[in-house]
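Following: one structure in structure tokens, then a few remarks.
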Amino acid sequence: MGKRIGIVGTGFIAMKHLAAFKAQKKAEIVGMCTYSNMEKLNAICEEHQIIPFASMDEMLEKGELDAVVLCSVTACHYQEILKAAAAGVSMLVEKPVVGETEQYQRVRRAIEQNRVMLFPGHNFMYRRPLSQMKKLLDEKALGTILQSSFFSAQLLDTSGTENWRRQKELSCGGALIDSGHHMIYQMLYLLGVPARLQAFTANLRLQDLDGEDTAQLNMQMTDGSLCVITESWASEAADQLNGIRILGTDGEMHLTDALYVNGERLCDAEPYDQTFVNQAQAFLACLDGTSEPLSTLEDSEHTLQIIRAAYRSSAEGSVYRTKWHK
């Protein structure tokens, strides 16, 4: 029998995790819970032959869990993490792990005191082409890095604009803290932390959102290279723009439909669903003690620190020099 896992949430991302873990021989999804649509919860659980729980508290108490996957809205994560830690249950927490940087100190203390693992749900970290990019950068294959760009745009449909993402008190922000989160943690993995940053945000199309539908973050990294991150929920015309691009003195590489290095196609990009499968495998290996997360709690904190500094920069028109938690 595999690790007994419960899932909090029944939304789009929860279903991605459900499918990914059900594909693993070393895992067993034993329960789900939600805060809202109990009819949907019951239908999912009946289809997949798992137990619907009335609350997370009940699932932690009666589910005999080895781990829980937190797929609820961002504003709920903090209290859920503390509950799981107190119950002695390790967790995979969807991004953002928490919504406020001040919450990390207590989160860190809770998981250390209860000797549980918190695995940030940074699924794009487990793309094999991204690991290849990291290896090439570590080998100085591009020489000195000059500039990098991370670009992602999509049109958020009504399933996004009419749900919790429209309310800042639940989402803790807009496109940058949500989808842009992926861009920032990948940047940290590939290039490290920025030394200073300036950001701009706008709401140009999705007027019902409390937060921004488009954001741009300009940074100078600690090695002196320049980096720009652009995230938008306002356009579906970005197929030729989306991706990661890095320019060095000795060449370039980009990850779009595939990984290319100096024009040579090295490997295909992995499908979105496969990133959750890869991540589920990595999480189970961490539970077994045979591996460590590629993206740590500290990385998730740095990601949120960058986002919060970006929001302050946009509001104030300021350039921020960054300071990092150690």
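Side chains included, hydrogens not; waters and symmetry mates left out as well; all remaining heavy atoms used.
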State whether the side chain of Asp268 and the backbone N or O of Ala258 hold a donor-acceptor pair below 3.5 Å, judged by distance alone. no

Can you tell me if Ser313 uses its side chain to pair, donor with acceptor, with the backbone of Ala199 under 3.5 Å? yes

Test side chain to side chain contact (heavy atoms under 4.5 Å, CB included) applied to Val193 and Thr322, step by step: CA-CA 9 Å; Val193 295; Thr322 52; 5.8 Å; no

Distance check, rounded to the nearest 0.5 Å: Ile244 atom CD1 versus Leu130 atom CG? 5.5 Å

Of all heavy-atom pairs between Met91 and Val116, which one has the smallest distance, and what is that distance? CE-CG2, 4.1 Å

side-chain contact (heavy atoms from CB on, under 4.5 Å) partners of Pro129, counting only residues at least two apart: Arg127, Leu255, Leu259, Cys267, Glu270

For Arg308, give me all partners under salt bridge (Lys or Arg N to Asp or Glu O under 4.0 Å), at least two apart in sequence or on another chain. Glu100

Between Thr214 and Ser232 (side chain of the first, backbone of the second, donor and acceptor by atom type, cut-off under 3.5 Å), is there such a pair? no

Contacts satisfying ring-ring contact (aromatic ring centres under 6.0 Å, His included) that involve residues 179-230 (not counting sequence neighbours) are His122-His181, His122-Tyr185, Phe124-His182, His182-Tyr185

Is there a donor-acceptor contact under 3.5 Å from the side chain of Glu252 to the main chain of Ile246? no

CD on Gln279 to CD on Gln281, rounded to 0.5 Å: 11.0 Å

Heavy-atom distance under 4.5 Å between the side chains of Leu284 and Gln24, does that happen here? yes

Flag the pair Leu118 / Val107 as yes when at least one side-chain heavy-atom distance between them is below 4.5 Å, and no otherwise. yes

In Leu226, Ile229, Val228, the residue satisfying side chain to side chain contact (heavy atoms under 4.5 Å, CB included) with Asn218 is Val228

Hey, does the side chain of Asp288 reach the backbone of Thr290 with a donor-acceptor pair shorter than 3.5 angstrom? no

Do the non-hydrogen side-chain atoms of Leu287 and Ser90 ever get within less than 4.5 Å of each other? yes

Heavy-atom count around Gln49 CD within 6.0 Å, excluding the residue itself: above 12? no

Sequence neighbours excluded, the answer for side-chain contact (heavy atoms from CB on, under 4.5 Å) partners of Asp57 is Ser55, Lys83

My understanding is that only residues two or more places apart in sequence, or in another chain, count here; which of them pass salt bridge (Lys or Arg N to Asp or Glu O under 4.0 Å) with Asp210? none

Look up atom SG in Cys227 and atom CE in Met221, then write down how far apart they are to the nearest 0.5 Å. 5.5 Å

Are Val69 and Ile29 close enough, and set up right, to give a side chain to side chain contact (heavy atoms under 4.5 Å, CB included), and what steps lead you there? CA-CA 10 Å; Val69 182; Ile29 302 295; 5.9 Å; no

Test your reading of the model: is there a side-chain donor-acceptor pair from Ser318 to the backbone of Tyr320, 3.5 Å cut-off? no

Crowding at CD, Glu58 (>12 non-hydrogen neighbours, <6.0 Å): yes

Only pairs at least two apart or in different chains count here, so list each ring-ring contact (aromatic ring centres under 6.0 Å, His included) that has a residue in residues 201-256. His254-Tyr260

With no hydrogens and no angle check, is any side-chain donor or acceptor of Ser291 less than 3.5 Å from a backbone partner on Ala285? no

Can Ile51 and Met32 be said to form a side chain to side chain contact (heavy atoms under 4.5 Å, CB included), step by step? CA-CA 6 Å; Ile51 300 172; Met32 292 184 75; over 6 Å; no

Over 12 foreign heavy atoms within 6.0 Å of CZ, Arg265: yes

Is the ring pair Phe276/Tyr272 parallel, tilted or perpendicular, if the boundaries are 30 and 60 degrees? perpendicular

Would you say Ser72 and Glu80 are linked by a side-chain donor-acceptor pair, where the criterion is simply a distance under 3.5 Å? yes

Does the side chain to side chain contact (heavy atoms under 4.5 Å, CB included) test come out yes or no for Leu188 and Thr303, once each step is laid out? CA-CA 8 Å; Leu188 292 172; Thr303 300; 3.4 Å; yes

Charged N to carboxylate O under 4.0 angstrom, Glu28 versus Lys22? no

Given a cutoff of under 4.5 Å between side-chain heavy atoms of I, L, V, M, F, W and Y, with clusters grown through shared members, what are the other residues clustered with Leu241? Phe151

Just wondering, do Thr34 and Val8 contact through their side chains at under 4.5 Å, heavy atoms? no

If I take atom CG from residue Leu82 and atom CZ from residue Arg109, how far apart are they, to the nearest 0.5 angstrom? 9.5 Å

Apart from Val319 itself, residues in the same hydrophobic cluster as defined by side-chain heavy atoms under 4.5 Å: none

Are Leu92 and Val277 connected in the hydrophobic side-chain network, where two residues link if heavy atoms are under 4.5 Å apart? no

Measure the CG-OG1 distance between Asp239 and Thr256 for me, rounded to the nearest 0.5 Å. 10.5 Å

Nearest heavy atoms of Met125 and Ser295, plus distance in Å: CG-CB, 3.9 Å

Is there a path of hydrophobic side-chain contacts, each under 4.5 Å between heavy atoms, that joins Leu204 and Leu209? no

Which one of Thr230, Ile184, Ile306 satisfies the side chain to side chain contact (heavy atoms under 4.5 Å, CB included) criterion with Leu176? Ile184

For a quick check under 3.5 Å, do Thr275 and Asn278 share a side-chain donor-acceptor pair by atom type? no

Measure the CE-CG distance between Met187 and Leu217 for me, rounded to the nearest 0.5 Å. 7.0 Å

Would you check if there is a donor-acceptor pair between the side chains of Ser225 and Asp223 at a distance under 3.5 Å? yes

Ala14: which residues meet the side-chain contact (heavy atoms from CB on, under 4.5 Å) condition with it, sequence neighbours left out? Ile7, Cys71

Does atom CD of Glu316 have more than 12 heavy-atom neighbours from other groups under 6.0 Å away? yes

How is the hydrophobic cluster of Leu146 composed, in terms of its other members, when Ile, Leu, Val, Met, Phe, Trp and Tyr link through side-chain heavy atoms under 4.5 Å apart, directly or indirectly? Leu247

Answer yes or no: does atom CZ of Arg321 have more than 12 heavy-atom neighbours from other residues, nucleotides or ligands under 6.0 Å? no

So, Lys26 and Asp66, do they make that salt bridge, N to O below 4.0 Å? no

Check: residues 135-144 side-chain donor-acceptor pairs under 3.5 Å, at least two apart:
| unit_1 | atom_1 | unit_2 | atom_2 | d |
| --- | --- | --- | --- | --- |
| Lys135 | NZ | Glu139 | OE2 | 2.5 |

ring-ring contact (aromatic ring centres under 6.0 Å, His included) partners of residues 70-121, not counting sequence neighbours, each pair once: Phe119-Tyr126, Phe119-Phe283

Determine whether a donor-acceptor pair (N or O, by modelled atom type, separation under 3.5 Å) exists between the side chain of Asp213 and the backbone of Leu206. yes

Tell me the closest heavy-atom pair linking Cys172 and Thr74, and the distance in Å. SG-CG2, 3.9 Å

Hey, does the side chain of Asp178 reach the backbone of Gly174 with a donor-acceptor pair shorter than 3.5 angstrom? no

